[in-house]
Amino acid sequence: MRNKVTKSDMSSFVEICKPLLSGVPYPCYLIDLEGSIVFSNKAVQELLGYNRHYEYQRNFVSFLEEEEIDKAIEHIKAVLKGDRLSFQTKLRHRNGHVMVVNILSIPVEVDGVILGICGYITAATNEKHHSTRSIPSNWDNIFTGIEICLWTLDAKTMETISISPVCQTIFGYREDEFLTESHLWEQLILPADKKGALRQIELVKQGKSSLHEYRIVSKSGEQKWVSDFIVPIFSEHSYEPVRLDRIVVDITKRKKAEEKLTFLAFHDSLTGLPNRRKLDHELHKSLSEAKEKKMMVGILFLDLDRFKFINDSLGHKMGDKVLQVIADRLKDSLRSDDIISRQGGDEFVILLKNLSTKEDLHETAARINGVIADPIRLLDNEYVLSASIGMSIFPDHGYEAEGLIQKADHAMNLAKESGVGIQPYEIGMSKSLSRKLLLEQYLHKAIEKNELYLEYQPIVDVYGKQVIGLEALLRWNHPVLGAIPPGEFIQIAEESELIIKLGNWVLETACGQRKVWADMNLPPFYVSINVPARQINLESFLESVKDTLERYQLPSNLLKIEITERTAMTNVQKTLNTIKELQDNGVDIILDDFGVGYSSISYLVQYPFNTIKIDKSFIEGLENKNQRSVCRTLVAMGRNLGMNVVAEGVEEVEQYQFLCSIGCHNMQGYYFSRPTSVDRVEIFFTTERQGLQGKFQ
């Protein structure tokens, strides 16, 4: 920063301080970063015999004896780094006379930038006459604005010789109280810091300067941090100091700032919990202790389920509130010596020290699951969360801190994928998860390498005995790994921005293919594509759809967009606006997987859906009376709301017949056709090849 300081900065400082410095009876001067004297008072002229005009712009070292220059340069360098230092040197009077002097140098610092040095001179040859002479109070005026206390003590008796008025603002005691009570300073030091502070005094008595920071309790009872710079002053004929000059500064604000920075370096700013760095430190320490005591150490890696839904639907402020509530609950449910750390997002790691049995780890995980499941009230509504928890334990799963956390993380991911809630680490999990990481890397390049393709599954009108639409389904065939199940790679994509890239590819490819079929004069069926929440909530999504339809000269009624209930409930108002705009442009919206999400009748009425798809979970098990009742209700609800109803997952003739009997006209599933390739789509529309005609009974 010093390189950025300009001469005008120092000149401004000189102009401000000149009235104060001019009145100081002690020789006082200011030098800039190059060592040039930019100001000196009358006392300097009297000491060295130079008029002040002549002194200006001369370098400070030009007043020194030759053998003193190197030492003085090192002294100046140290002070310009921020140190307050005193040193003894030899100055040459204008008439050639050499004087031994003591110089106290204080860095001139403004707004954190050092501009130069303020120094004052006392003649060492006169120390025997001035050993009890006080520093004048008007010298203290220079430092009043920054609360620097100047203090002189008798080196033998430790009695106060003089103390500046500023000291009262720091300690709360008056000048006369320090003068009459020689042990007052000791009594003010915080007991925990007293030993170190008194040790510094002993070092100074041995002739060494000292800079020490400690805490005091002021007269009002306020605890403060102070910086105490003490310099021993010697007489001409003594090897022991005759007095101690000290500069005391209140550094409480700096210390509090440092404490805050230290806290932030090791804690999460949102929840106040330890962060990864703090956890790593505590875990290493715990493992060392556990090895000595032959105890166990447990790791719980926790991730909140569906937390993104909270963020997307209620906003990030409410999401942050949820994290704070969960953090407080977790702290309250753990032992005092256990550590809970926020890793980022909605992930937490819990360190359980000194476990006797593995059952302790399992019991804690189960208790935490219950704590998280307690409803959280936000905006007059209650929300119930769950968590996926992975567990690892020392020494069974390893001896190294990083490995234990990684294995607990692996177990958590498998718990989330399988929906089991709590999952201990087991051998072989790491290999399973390495596939997940591998797939994510391959998926980034799948589009460029033409590894993705679409299959199409017909949606049929059983009364009209015809195919009315095709659902485009994304597929991935890797040249080495083979066909990757959609449920596997789509989940990976949804955890990153890849889902948007894939969604755009599907939109482009489906529209392009529909244009090819239009040119083949196939019947006017629609193609539906699945659009995730991240994609539909993009500002650019509507324009992207309109642009794609326009480029392929495709009528908008030939494209339909399928969204799930979860997507509909994500950022509700934004999604609703987008849906209405799409429909205004002729693009119909289908509500997919109806009945398994979190929407209500009020949302169903609010959204302008023309079509709902009943989830296949309601079609399975229709031999159950209750299942048939639910299915009948869902179909009736959709029809009463004036919506088209499509039943998904129709695989058996009995399901087909039941759905016909309750008035469900539109169906989709393996009973009619599995998803099929582009080349085989035309058979759905070819009468002479029978198409699907044999399926309609």
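For this chain, numbers begin at 1 and follow the sequence in order.
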- Task: Enter the distance from R246:CZ to I201:CD1 here, rounded to the nearest 0.5 Å.
- Result: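 Here the rounded value is 4.5 Å.
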- Item | Spacing of CD1 belonging to I499 relative to CD belonging to Q491, to within rounding of 0.5 Å |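 Answer rounded to 0.5 Å: 10.5 Å.
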Would you call [X] and [Y] a salt bridge, using N to O less than 4.0 angstrom?
X    : Y    : answer
E651 : K616 : no
K256 : E259 : no
R329 : D332 : no
K574 : E539 : yes
E289 : K353 : no
D320 : K317 : no

Backbone of [Y] reached by a side-chain donor or acceptor of [X] within 3.5 Å:
X    : Y    : value
R342 : P274 : no
D338 : R335 : yes
S210 : V204 : no
S227 : E213 : no
D193 : R215 : yes
K501 : H444 : yes
K194 : E186 : yes
K224 : I170 : yes

Please check if the number of heavy atoms outside [X] that lie under 6.0 Å from its [atom1] is greater than 12.
X    : atom1 : value
K219 : NZ    : yes
Y399 : OH    : no
K208 : NZ    : no
E448 : CD    : yes
R674 : CZ    : no
E400 : CD    : no
K416 : NZ    : yes
K291 : NZ    : yes

On a heavy-atom basis, which atom in [X] and which in [Y] lie closest, and how many Å separate them?
X    : Y    : answer
L474 : W505 : CD1-CZ3, 3.5 Å
D360 : T364 : O-OG1, 2.8 Å
L351 : S286 : CD2-OG, 3.7 Å
N275 : K278 : OD1-N, 3.1 Å

- Query: Among side-chain atoms of Q343 and D268, is any donor-acceptor pair under 3.5 angstrom?
  - Reply: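 Result is no, nothing qualifies.
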- Task: Decide whether D305 and S386 meet the rule of one side-chain donor and one side-chain acceptor closer than 3.5 Å.
- Result: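 D305 vs S386: donor-acceptor pair found between side chains.
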- Heavy-atom side-chain proximity of R475 to L454 below 4.5 angstrom: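 No; the side chains remain at least 4.5 Å from each other.
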- Message: Parallel, tilted or perpendicular: which one describes the rings of H410 and Y425, with boundaries at 30° and 60°?
- Response: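 Ring orientation of H410 relative to Y425: tilted.
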- Item | Stepwise side chain to side chain contact (heavy atoms under 4.5 Å, CB included) test for I216 and L190 | CA-CA 5 Å; I216 59 101; L190 207 67; over 6 Å; no
- Task: Mind running side chain to side chain contact (heavy atoms under 4.5 Å, CB included) on L352 and L334 for me, showing each step along the way?
- Result: CA-CA 9 Å; L352 303 173; L334 297 173; 4.2 Å; yes
- Message: Could you go through I247 and V249, starting from their C-alpha distance and side-chain angles, then the distance that decides it, and tell me whether this counts as side chain to side chain contact (heavy atoms under 4.5 Å, CB included)?
- Response: CA-CA 7 Å; I247 299 173; V249 182; 4.2 Å; yes
- Give the C-alpha distance, both sets of side-chain angles, the deciding distance and a yes or no for side-chain hydrogen bond (donor to acceptor under 3.5 Å, both in side chains) between T575 and N537. CA-CA 6 Å; T575 305; N537 285 321; 3.1 Å; yes
- Message: Ring of F266, cation from R277 - is the NZ or CZ under 6.0 Å from the centre and inside 45° of the axis?
- Response: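 Here R277 passes the 6.0 Å and 45° test against F266.
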- Message: Could you walk me through whether D303 and S388 satisfy the side-chain hydrogen bond (donor to acceptor under 3.5 Å, both in side chains) test, starting with their C-alpha distance in whole Å, then the side-chain angles of each, then the deciding distance to 0.1 Å, before giving a yes or no?
- Response: CA-CA 5 Å; D303 182 272; S388 298; 5.7 Å; no
- For C631 and L622, run side chain to side chain contact (heavy atoms under 4.5 Å, CB included): C-alpha distance rounded to whole Å, both residues' side-chain angles, the deciding distance at 0.1 Å, then the answer. CA-CA 8 Å; C631 192; L622 282 177; 4.1 Å; yes
- Message: I'd like to know whether the aromatic ring centres of Y214 and H212 sit less than 6.0 Å apart in this structure.
- Response: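 Between H212 and Y214, which both carry aromatic rings, the centre distance is below 6.0 Å.
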